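Structure first, then comments.
For clarity, every value in this text was computed on a predicted model and none was experimentally measured.
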Amino acid sequence: MSTTAERLRRELATALTATGALNDPSWRRAVETVPRELFLGAAVYRGPGWTPVLRDRTPGEKWLEMAYTDETWVTQVNGIPAEVATKPVLGDPTSSSTMPSLVVKMLERAGIGHGDTVLEIGTGTGYSTALMCERLGDDKVTSVEYDEHAAARAREALRFAGYAPTLVVGDGLAGYQKNAEYDRLIATCSVRYIPAAWMFQVREGGTITAPLSGWMTGSALAHLTLFDDGTAGGRFLADDVSFMFARPHARPPRSSYLIGVGEERDSAIDPGLLDDWTGLFVAQLGAPSAEKLEVGDDVVLLDVATGSQATTRRSPGGGWTVRQHGPLRLWDAVENAILTWQEAGCPHQSGFGLTVTREAQRVWLGDSDGPSWNLPA
Ligand SMILES: C[S@@+](CC[C@H](N)C(=O)[O-])C[C@H]1O[C@@H](n2cnc3c(N)ncnc32)[C@H](O)[C@@H]1O
């Protein structure tokens, strides 16, 4: 007779298959085998407001149901693990067990298959690491986690579940040279550009699958192939995914902005375009050092390093104005990028690609000869 956990695992696999997230029978077997409840540890946070939920204070069946819903369970907020929080914690998640549909989608999109060696950046709870161990074998999997506490928690859960991959505590942006070269690199935290170390640790013909994000929080999933000349290139995938930042790439602390300063002019674009998933990604390509704030209907762009800012405002007669202040004309750059995107018919970000060379990292539109923007590498 099967246990409740086994039944819930099968039901989860069926649900993920039905939505199209899970297609490969080998990954399905892994989802049906790995006990996700072990990876949630002793507590998780429930948002919004990040209230800790303790396993010991939750009926067993309820805890299992939580583990096998297709939800991201946040395990750390602002570096505070859920199991030590005594009250709700304000701030941003810093570690989590990503929702299973996204985990399996990433594994499938990364093209990870039998015999592959994988470097995972962002062990988190260790759930995705466990799926890879189940499918590929412990000796094929290396996973790097930045946060010591999260890493220790994942190590314990993996050991308890019977898996023994190479686990590294450190900055995944440096990869892990000792087990290189890898067939596949997969990141479950987002980067502003592709770190140089990854380019040297993935074999020729191997792939890097990583969420590319920036300080406006626009995001796109890059899938790159390593070429024999040491460069890499590929398109962004069709999935709209967003992950927490790799810690060294996180945005700087926000500063205040000035009201009513700068030169004013009409805006050539509706700032509402930045509410669109790809629109925001494109705006970020134009002004990669800027953060975006929303103040009522107005959009504020801020570049902390130079103090540059742009503030849009709805005009009483229709349309929008913008005030720009500081050495960087942030709105000019955003406007140019958005107008270029509009001229191309506003394609989804899967219509863009990325080429990485020693000299530059260039996101292009259409094909590699199309309009392009350099990443802040
Ligand atoms: C979304 S969680 C990972 C989810 C995980 N793969 C799972 O299935 O549970 C992202 C993780 O990346 C880690 N992280 C952030 N920056 C990192 C870095 N530079 N190197 C390695 N890990 C990093 C965070 O501490 C966090 O635990």
Can you list the steps and then say if Glu134 with Tyr163 is a side chain to side chain donor-acceptor pair (under 3.5 Å)?
CA-CA 8 Å; Glu134 181 61 36; Tyr163 301 111; 2.6 Å; yes
Leu274 side chain near Glu294 side chain, heavy-atom distance below 4.5 Å:
no
Are any of the side-chain heavy atoms of Leu22 and Val31 separated by less than 4.5 Å?
yes
Expected output: side-chain Asn78 to main-chain Ile80 donor-acceptor under 3.5 Å
no
Cation-pi, Trp320 ring and Arg313 (6.0 angstrom, 45 degrees)
no
Please check this pair: side chain of Gln201 against backbone of Tyr176, looking for a donor-acceptor N/O pair closer than 3.5 Å.
yes
Is the backbone of Trp73 close enough, under 3.5 Å, to the side chain of Glu71 for a donor and an acceptor to pair up by distance?
no
Let me check something: do Trp198 and Val363 share a hydrophobic cluster, defined by ILVMFWY side-chain heavy atoms less than 4.5 Å apart, either directly or through other members?
yes
So if you build clusters from Ile, Leu, Val, Met, Phe, Trp, Tyr with side-chain heavy-atom gaps below 4.5 Å, do Leu107 and Leu185 land together?
no
Hydrophobic cluster membership, with links at side-chain heavy-atom distances under 4.5 Å among I/L/V/M/F/W/Y: are Met99 and Tyr45 in one?
no
For Gln284 and Thr217, indicate whether the former's side chain and the latter's backbone hold a donor-acceptor pair under 3.5 Å.
yes
Donor-acceptor pair, distance only, cut-off 3.5 Å: does the side chain of Thr94 make one with the backbone of Gly79?
yes
Ion pair present between Asp183 and Lys140, side-chain N to carboxylate O less than 4.0 angstrom?
no
Stepwise, does the side chain to side chain donor-acceptor pair (under 3.5 Å) test hold for Thr207 with Arg184?
CA-CA 5 Å; Thr207 58; Arg184 313 275 170 196; 2.9 Å; yes
Let me see the working for Arg235 and Ser350 under side chain to side chain donor-acceptor pair (under 3.5 Å), right down to the final yes or no.
CA-CA 6 Å; Arg235 285 188 172 275; Ser350 50; over 6 Å; no
Can you tell whether the side chains of Glu263 and Arg329 come within less than 4.0 Å, N to carboxylate O?
yes
Using 4.0 Å as the upper bound for N to carboxylate O, is an ion pair formed by Asp24 and Arg29?
no
Do the ring planes of Phe352 and Trp373 sit parallel (below 30°), tilted (30 to 60°) or perpendicular (above 60°)?
tilted
Is a side-chain donor or acceptor of Arg109 paired with a backbone partner of Thr209 at a separation under 3.5 angstrom?
no
Given the options Arg57, Arg153, Arg55, Glu83 meets salt bridge (charged side-chain N to carboxylate O under 4.0 Å, His left out) only with Arg153
Taking a hydrophobic cluster as the set of Ile, Leu, Val, Met, Phe, Trp and Tyr residues connected by side-chain heavy atoms closer than 4.5 Å, whether directly or through intermediates, do Val202 and Leu212 fall within one such cluster?
yes
Under the side-chain contact (heavy atoms from CB on, under 4.5 Å) criterion, do Leu280 and Lys292 qualify, and how do the steps go?
CA-CA 9 Å; Leu280 183 62; Lys292 173 176 166 276; 3.7 Å; yes
Using side-chain contact (heavy atoms from CB on, under 4.5 Å), reason through Leu375 and Leu285 one step at a time and then give a plain yes or no.
CA-CA 7 Å; Leu375 294 178; Leu285 290 175; 4.3 Å; yes
Would a 4.5 Å heavy-atom cut-off, applied to side chains only, mark Tyr257 and His325 as touching?
no
Residue pair Val299 / Leu301, side-chain heavy-atom distance below 4.5 Å
yes
Are Phe236 and Phe281 an aromatic pair by the rule of ring centers under 6.0 Å?
yes
Between Ala43 and Thr75, the two heavy atoms sitting closest are O-CG2, 4.4 Å
For a side-chain contact (heavy atoms from CB on, under 4.5 Å) check, start with the C-alpha distance between Leu328 and Ser289, then their side-chain angles and the critical distance, and finish with the verdict.
CA-CA 10 Å; Leu328 298 181; Ser289 61; 3.9 Å; yes
Just one of Arg10, Glu37, Glu11 clears the side-chain hydrogen bond (donor to acceptor under 3.5 Å, both in side chains) bar with Tyr68, so which one?
Glu37
Is it true that the side chains of Thr123 and Ser143 contain a donor and an acceptor less than 3.5 Å apart?
yes
For residues Val191 and Phe243: do they belong to one hydrophobic cluster (side chain heavy atoms under 4.5 Å, members Ile, Leu, Val, Met, Phe, Trp, Tyr)?
no
Aromatic Tyr127 / basic Arg36 pairing, under 6.0 angstrom, 45° off normal
yes
Phe227 atom CZ, neighbour heavy-atom count above 12 within 6.0 Å
yes
Below 4.5 Å, heavy atoms only, C-beta onward: do Met199 and Val356 meet side chain to side chain?
yes
Modelled atom types, side-chain donor and acceptor of Asp70 and Ser101, under 3.5 Å
yes
Would Arg9 and Glu32 pass as an ion pair if we require N to O under 4.0 Å?
no
Ring centroids only, cut at 6.0 angstrom: are His249 and Tyr193 within range, meaning strictly under it?
yes
Ion pair Glu335/Arg265, N-O distance below 4.0 Å
yes
Flag the pair Thr142 / Val118 as yes when at least one side-chain heavy-atom distance between them is below 4.5 Å, and no otherwise.
no
Dump the intermediate steps for side chain to side chain donor-acceptor pair (under 3.5 Å) on Gln76 and Ser96, then the final yes or no.
CA-CA 7 Å; Gln76 230 187 53; Ser96 65; over 6 Å; no
Just by distance, with hydrogens left out, do Asn23 and Glu108 show a side-chain donor and acceptor under 3.5 Å apart?
yes
Using a distance-only test with no angle check, is there a side-chain donor-acceptor pair under 3.5 angstrom linking Ser267 and Trp331?
yes
Using distance alone, with no hydrogens and no angle criterion, decide if Thr17 and Arg28 have a side-chain donor and acceptor under 3.5 Å apart.
yes
Contact check, side chains of Gln309 and Asp303, non-hydrogen atoms, under 4.5 Å
no
Kindly indicate whether the side chain of Trp27, heavy atoms from C-beta on, has any atom under 4.5 Å from the side chain of Met132.
yes
Short side-chain to backbone donor-acceptor contact, Gln324 and Leu330, under 3.5 Å:
yes
Tell me yes or no: between the side chains of Arg362 and Ser372, is some donor less than 3.5 Å from an acceptor?
yes
Got a donor-acceptor contact below 3.5 angstrom from the Trp277 side chain to the Asp240 backbone?
no
Residues Val241, Lys105; criterion side-chain contact (heavy atoms from CB on, under 4.5 Å); working and verdict:
CA-CA 10 Å; Val241 306; Lys105 214 185 264 184; 5.5 Å; no
